[in-house]
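Here the structure comes first, spelled out in structure tokens, and everything after it is commentary.
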Amino acid sequence: MKIITIASLKGGVGKTTLGIYFAASLARRKKKVLLVDADPNNNLTDFFLRTEELESLQTKSLYNVLKGRCNLKDSIRSIEPGLSVLPTTPELAKAQIEFGANPGTTLRFQNSLKSLDLDYVVFDTPPSLSYELYLALYNADHVLCPIGFSRWTIQGYQLIADACLENNVSAPVCVPFNVSKKDSERISEIDLPSTKTSIPKSAEFAKSAINGKLSDKVFGDFNLLTKEILK
Ligand SMILES: Nc1ncnc2c1ncn2[C@@H]1O[C@H](COP(=O)(O)OP(=O)(O)O)[C@@H](O)[C@H]1O
Ligand SMILES: [Mg+2]
């Protein structure tokens, strides 16, 4: 089982979108993938599980798994063949205070993940150096950092890189995201580890987010990205 963490300290750069489509493209290559929503803003949960009542989501959520109130296996929702989601509700915002000083919670969660029959776990994370981010960085095999061409996204990279170093995780790889062709050329000239494949700006993503449905039209680019990252 490999852990892939999507992280950036900047909001709105495409973390959740990258997590959703990267995981779905792995599942469509016959891999068993669990997407963990580790962001209290729970956009990923809203994308896949918007018809489920909040109370039901809350009962079997990442927060309650960490709390020991439910087990991981029973809390996973199946989405499509190979793809499942561990949802989150805003209650996860209490994690920092409740589990931040307790490494046992993180270790127990990791052990529960390992006991599942999975090829990949993909974490979506909040844009802050929080318990949720550290939970997702722990033992990560790859950290992907979506970036646009902006001075501030590039500055944000260094803090994630430092957090990876602290956790003995290999340096994050940038994925040029929501960019024009010109921006992706500019990014390739910057001295940052980044993928050759970029995900272009496309109205399909906004449509997809509004409908809560995967758009088949964007999978071409994600298949290239998946191949590049996993080679
Ligand atoms: N490649 C893209 N082209 C156009 N819009 C995009 C693209 N990627 C993401 N978006 C849109 O940008 C917004 C922020 O993306 P999101 O994945 O939620 O970012 P984050 O999780 O980093 O906050 C969303 O409305 C999403 O639909
Ligand atoms: Mg997000």
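All ligand and atom numbering here is 1-based and tracks the order in the structure. Please read all numbers here as calculations on a predicted model, not as lab measurements. The residues of the chain are indexed from 1 along the displayed sequence.
Short contacts between ligand 1 and Phe177, defined as distances under 4.0 Å to a heavy atom of the residue, involve ligand atoms 8 (N). Which parts of ligand 1 touch Pro200 is read off a 4.0 Å heavy-atom cut-off, strictly below it: atoms 1 (N), 2 (C), 3 (N). Close approach to Gly14 involves these atoms of ligand 1, each under 4.0 Å from a residue heavy atom: 15 (O), 16 (P), 17 (O), 19 (O), 20 (P), 22 (O). For ligand 1, the atoms sitting less than 4.0 Å from at least one non-hydrogen atom of Lys201 are 1 (N), 3 (N), numbered in the order shown with element in parentheses.
Sorted by first and then second residue, the side chain to side chain donor-acceptor pair (under 3.5 Å) pairs with a member in residues 159-168 read Gln158-Asp162; sequence neighbours excluded. For residues 123-141, the set of pairs meeting the salt bridge (Lys or Arg N to Asp or Glu O under 4.0 Å) definition, not counting sequence neighbours, is empty.
The shortest separation from a heavy atom of Ser208 to ligand 1 is not under 4.0 Å, leaving the residue out of contact.
Between Asn178 and ligand 1, at least one pair of N/O atoms sits closer than 3.5 Å. Here's the thing with Ser202: one of its N/O atoms is less than 3.5 angstrom from an N/O atom of ligand 1. Checked by distance only, ligand 1 and Lys15 come closer than 3.5 Å through their nitrogen or oxygen atoms. Polar contact with ligand 1: absent for Ala203 (N/O pair, distance under 3.5 Å). Ligand 1 has a nitrogen or oxygen under 3.5 angstrom from a nitrogen or oxygen of Gly12.
Side chains of Thr195 and Glu228: no donor on one and acceptor on the other come within 3.5 Å. Checking Thr226 against Ser25 by side-chain atom types alone, a donor-acceptor pair falls below 3.5 Å. In this structure, a donor-acceptor pair under 3.5 Å is present between the side chains of Thr106 and Tyr131. Inspection of the Asn43 and Thr16 side chains reveals no N or O donor paired with an N or O acceptor under 3.5 Å.
When every heavy atom of Leu137 is checked against every heavy atom of Cys164, the shortest pair comes out as CD2-SG, 4.1 Å. Nearest heavy-atom pair across Ser61 and Leu57 is CB-O, 3.3 Å.
Partners of Asp216 under the salt bridge (charged side-chain N to carboxylate O under 4.0 Å, His left out) rule, at least two apart in sequence or in another chain, are Arg28.
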| query | Between Phe22 and Val175, does a side-chain contact (heavy atoms from CB on, under 4.5 Å) hold up when you go through it step by step? | reply | CA-CA 11 Å; Phe22 184 66; Val175 180; over 6 Å; no

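Counting only heavy atoms, the protein gets under 4.0 Å from atom 2 (C) of ligand 1. Shown here, atom 6 (C) of ligand 1 is in close reach of the protein: a heavy atom of it lies under 4.0 Å off.
Atom 18 (O) of ligand 1 has as its closest protein heavy atom Thr16 CB, 4.1 Å. The shortest contact between atom 27 (O) of ligand 1 and any protein heavy atom is with Phe205 O, 3.6 Å.
The tally of protein N/O/S atoms under 2.8 Å from the Mg ion (ligand 2) stands at 1.
Aromatic ring pairs are classed by plane angle as parallel below 30°, tilted from 30° to 60° and perpendicular above 60°; the pair Phe222 and Phe205 is perpendicular.
Using a 4.0 Å cut-off between charged side-chain N and carboxylate O, Asp74 and Lys60 make no salt bridge. Between Glu204 and Lys207, at least one side-chain nitrogen of the basic residue sits less than 4.0 Å from a carboxylate oxygen of the acidic one, meeting the salt-bridge criterion.
Selection from Leu18, Ile20, Val13, Thr17 by nearest heavy atom to atom 26 (C) of ligand 1 gives Thr17.
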